[in-house]
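Working notes, structure below.
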Amino acid sequence: MTLNTLTIAAARDGLRAGEFTAAELTDACLSAVDAARALNAVVHPTPDLARAQAAAADARLKAGDAPDLCGIPLGIKDLFCTEGVPSQAASNILTGFRPEYESTVTRQLFDAGAVMVGKLNMDEFAMGSSNETSAYGNVVSPWRRGNDTTALTPGGSSGGSAAAVSADLCLAATGTDTGGSIRQPAAFTGIVGLKPTYGRCSRWGIIAFASSLDQAGPMAKTVRDTAILMRAMAGHDPRDSTSADIPVPDYESMLTGDIRGRVIGIPREYRMDGMPAEIEALWAEGRRMLADAGAVIRDISLPHTKYALPAYYVIAPAEASSNLARYDGVRYGHRAALSQGDGIVDLYEKTRAEGFGPEVRRRIMVGTYVLSAGFYDAFYNRARKVRTLIKRDFETVFAEGVDAILTPATPSAAFGLGEMASADPVQMYLNDVFTVTVNLAGLPGISVPAGLDPQGLPLGLQLIGRPWAEGELLNTAHALERAAGFVAKPARWW
Amino acid sequence: MTIDTDTARKVAHLARIRVAEADLPALAGEFNAILGFIAQLDEVDVTGVEPMVSVTPMTLKLRADTVTEGGQPARVLSNAPDAREGFFAVPKVVE
């Protein structure tokens with residue numbers, strides 16, 4: 001057996017028992033990274049840092065001071081600022097940027113002894129659902145449709161994280177989720193991805209996209225690993241004024257698998273016209289599995305669901321247009337070459353035209369438009385009012401006793417890279433139809449691999465929980481994971 | 001509502017992103033597709049609904065008005081494309 005295929009839980013136990021060292025485990029992952037260039041998942045490998053961290057972890061293990069993540073090799077999404085290591089949000093506008101500081105989440109992971117194998121590919125500024133907007137080029141999913149060699153998307157925006165975990169290049173990875181960017185790629189690659197409650201993980205040092213929606217979270221091979229990683233990522237941070245000062249429980253200890261009597265809502269508005277039969281069947285199967293485990297299934301209504309995506313495509317670009325105003329060619333990153341006589345506005349306009357890719361430019365300009373004089377009320381304020389109604393839908397069902405909500409994670413299995421190229425931008429946005437409501441309402445949501453489509457590609461189910469109830473949500477996910485018994489792995493071709 | 005080439009040009013300038021004149025019609029077309037999608041929001045009755053300010057109920061914490069991390073100009077400037085004598089350098093702004 002190769003060490004890089006272990007779960008976090010198994011590696012933790014093996015390290016503590018002295019069956020292998022963190023150095024050996026790290027070398028196994030670094031070798032896997034080297035052999036997986038074809039996936040383009042790891043864009044800035046950090047082998048020297050990883051070996052140094054592994055040596056420090058081995059010393060801690062020997063001293064008996066070993067937190068759960070001590071010596072565990074992780075991949076870190078390129079959106080996280082990591083001190084001295086390139087961090088460019090997969091954008092050319094941040095070419096060469098090496099942060100002078102460490103994001104709170106990665107600081108916490110490293111303090112817990114985690115090892116970073118490298119920075120992971122993603123959609124540029126986390127804007128995308130297929131990892132095709134990256135300045136580093138596409139990530140290729142390790143999964144294929146049977147013997148068909150068509151290159152598939154791992155999903156996005158955390159596509160590098162999903163591919164790296166699924167292909168065993170690291171034991172788990174960090175992701176971020178603004179409209180589905182953890183859960184959709186997790187579903188496409190047969191892994192688990194958790195978007196925590198807004199405010200659970202510090203956003204400090206994470207390159208901002210839409211600040212009222214962005215949230216970091218774990219992506220891992222199992223629900224147990226997700227729980228272990230989640231505990232280390234979460235917690236209050238005085239540097240993020242929206243981070244919640246609420247104690248972080250030991251999520252792993254809450255995984256009893258006992259969900260008897262818990263009320264699971266099935267929202268009728270998530271049954272979309274034209275939904276593929278296999279998604280419909282998977283959802284029905286998930287409902288049956290939770291009922292068999294003793295949960296009480298209840299049909300519910302979330303009436304404003306269909307307005308979530310349009311509200312998102314006002315709010316997220318609006319916030320992005322403000323957040324990305326900082327990329328001006330002055331303080332960091334790319335600066336355009338200027339012509340004789342060019343002034344400061346030419347510097348801004350040329351730098352931003354060269355540095356941002358087409359999707360990012362489009363979203364900044366849409367955001368600029370909806371915030372501009374005369375349209376602010378018609379678009380931005382209306383979208384924020386609809387957001388209030390979307391959140392109220394969830395509050396109503398939770399007040400009526402629903403503990404968690406079961407939905408499909410995505411409207412389809414992974415599609416081929418380039419297959420959406422001719423579609424208008426809105427077609428791509430529809431990928432997030434089941435996940436985006438959760439960001440607008442600030443709730444925790446988790447994607448659990450639950451089956452394969454007829455072509456052998458993974459499909460995921462999503463569970464949505466009450467605010468701050470990640471522990472209960474993980475336990476329900478654990479019950480679903482056990483019942484689904486998903487064990488498929490991509491056949492290695494890379 | 002339809003966005004024409006003039007509006008697209010104006011928005012690009014507001015966003016400080018240079019767009020070639022020849023690319024403006026296509027950009028306007030993309031804006032129109034997205035705004036057409038957003039227009040669904042007009043169907044929702046939002047009478048008496050407050051626009052969301054904070055998704056989780058919270059009040060911002062206060063802290064002492066003191067310098068927490070300062071006095072490190074070299075680190076602040078370390079990623080600048082052009083820094084001179086402890087400052088960010090830009091083209092002439094004032095004639």
Side-chain angles (χ1 to χ4, degrees), chain A residues 96-98 100 197-199 212 238 241-242 244 304 306-307 309-311 313-314 321 328-335 338 342-350 352-353 356 361-362 364-366 368-370 372 379 381-389 391 424-426 429 440-442 467, chain B residues 1 3 7-8 10-20 27 29-58 60-61 63 68-69 72 74-83 88-95:
Chain A
F97 178 57
R98 287 173 188 262
E100 289 282 341
T197 312
Y198 182 81
S212 80
S241 61
T242 62
H304 294 91
K306 75 173 278 206
Y307 301 108
L309 263 183
Y313 276 98
V314 175
S321 77
D328 54 8
V330 174
R331 287 160 293 171
Y332 29 66
H334 177 72
R335 172 183 284 200
L338 298 182
D342 276 352
I344 188 79
V345 174
D346 299 295
L347 167 68
Y348 297 152
E349 292 188 346
K350 288 184 175 180
R352 291 161 64 79
F356 293 133
R361 291 201 299 267
R362 180 156 50 228
I364 290 173
M365 289 190 274
V366 167
T368 302
Y369 181 75
V370 300
S372 63
F379 290 115
N381 266 343
R382 175 166 282 268
R384 290 197 303 143
K385 288 175 184 176
V386 172
R387 187 175 180 188
T388 299
L389 293 172
K391 181 165 183 246
D424 76 57
V426 172
Y429 298 169
L440 290 167
Chain B
M1 196 171 315
I3 293 200
T7 310
K10 183 178 165 225
V11 170
H13 178 64
L14 284 173
R16 298 293 185 268
I17 295 174
R18 186 146 300 179
V19 178
L27 182 65
E30 286 173 358
F31 283 171
N32 283 320
I34 293 167
L35 292 174
F37 179 63
I38 291 169
Q40 290 177 70
L41 295 177
D42 293 342
E43 299 166 13
V44 185
D45 181 2
V46 293
T47 316
V49 178
E50 283 296 309
M52 184 181 286
V53 176
S54 171
V55 71
T56 45
M58 56 172 63
L60 289 179
K61 289 188 174 183
R63 65 167 174 81
T68 50
E69 288 172 277
Q72 34 192 332
R75 295 181 72 205
V76 170
L77 294 170
S78 68
N79 279 290
D82 189 2
F88 294 108
V90 296
K92 190 154 76 173
V93 175
V94 182
E95 290 297 329

Heavy-atom proximity to chain B below 4.5 Å, by part of A/Ser321:
neither

Closest-packed option against chain B by number of heavy-atom pairs under 4.5 Å, given A/Arg361, A/Lys350, A/Arg98
A/Arg98

Return the CG to CE distance between A/Asn381 and B/Met52, rounded to the nearest 0.5 Å.
13.0 Å

Between A/Arg352 (side chain only) and B/Arg16 (backbone N and O only), is there a donor and an acceptor less than 3.5 Å apart?
yes

Cut-off 4.5 Å, heavy atoms of chain B, and the answer for A/Leu309 is both

For residues B/Val44 and A/Lys385, determine if any side-chain heavy atom of one lies less than 4.5 Å from a side-chain heavy atom of the other.
no

Which distance, rounded to the nearest 0.5 Å, do you find between the OH of A/Tyr369 and the CD1 of B/Ile38?
9.5 Å

For a quick test of reading the model, state the closest non-hydrogen atom pair linking A/Gly329 to B/Pro81 and the distance between them.
O-CG, 3.4 Å

Closest contact, heavy atoms only, A/Ser241 versus B/Met58:
O-SD, 4.0 Å

Top of A/Val366, A/Leu389, A/Thr388 for chain B proximity - count of heavy-atom pairs under 4.5 angstrom:
A/Thr388

Contact class of A/Val330 relative to chain B, heavy atoms under 4.5 angstrom
both

Working to the nearest 0.5 Å, report the span between OH of A/Tyr313 and CG of B/Leu35.
14.0 Å

Structural part of A/Ala383 lying under 4.5 Å from a heavy atom of chain B:
both

Testing the basics here: between A/Ser372 and B/Leu14, what is the closest heavy-atom pair and its distance to 0.1 Å?
CB-CD1, 4.4 Å

Please classify the contact of B/Leu60 with chain A as side chain, backbone, both or neither, using a heavy-atom distance under 4.5 Å.
side chain

As an exercise: rank B/Glu43, B/Gln72, B/Lys10 by heavy-atom pairs under 4.5 Å with chain A and give me the winner.
B/Glu43

For a quick test of reading the model, state the closest non-hydrogen atom pair linking B/Ala89 to A/Arg335 and the distance between them.
O-NH2, 2.7 Å

Based on non-hydrogen pairs under 4.5 Å, which of B/Val53, B/Val90, B/Thr7 is most in contact with chain A?
B/Val90

Who among A/Tyr348, A/Tyr307, A/Tyr332 has the most heavy-atom pairs with chain B under 4.5 Å?
A/Tyr307

Give, for atom CG of B/Leu27 and atom CE of A/Met365, the distance between the pair rounded to the nearest 0.5 Å.
4.5 Å

Using a 4.5 angstrom heavy-atom cutoff, name the option from A/Asp328, A/Val370, A/Thr242, A/Leu338 with the most pairs to chain B.
A/Thr242

If I measure from the heavy atoms of chain A, does B/Glu30 come under 4.5 Å with its side chain, its backbone, both, or neither?
side chain

Least distance between heavy atoms, A/Tyr198 atom then B/Thr56 atom
O-CG2, 3.6 Å

Please report the C-alpha distance between A/Arg331 and B/Asn79 in whole Å, then the side-chain angles of each, then the deciding distance to 0.1 Å, and finally whether the side chain to side chain contact (heavy atoms under 4.5 Å, CB included) criterion is met.
CA-CA 7 Å; A/Arg331 287 160 293 171; B/Asn79 279 290; over 6 Å; no

Measure the CG-CZ distance between B/Leu41 and A/Phe379 for me, rounded to the nearest 0.5 Å.
9.0 Å

Does any heavy atom of chain A fall under 4.5 Å from the side chain of B/Phe31, the backbone, both, or neither of them?
side chain

Toward chain A, the part of B/Asp42 with a non-hydrogen atom under 4.5 Å
both

Run the side chain to side chain contact (heavy atoms under 4.5 Å, CB included) check on B/Val55 and A/Arg387 step by step: do they pass?
CA-CA 9 Å; B/Val55 71; A/Arg387 187 175 180 188; 3.6 Å; yes

Side chain to side chain contact (heavy atoms under 4.5 Å, CB included) evaluation trace for A/Glu100 with B/Val76
CA-CA 8 Å; A/Glu100 289 282 341; B/Val76 170; over 6 Å; no

Which portion of A/Leu347 sits near chain B, non-hydrogen atoms under 4.5 angstrom
side chain

Which heavy atom of B/Gln40 sits nearest a heavy atom of A/Pro310, and at what distance?
NE2-CG, 3.8 Å

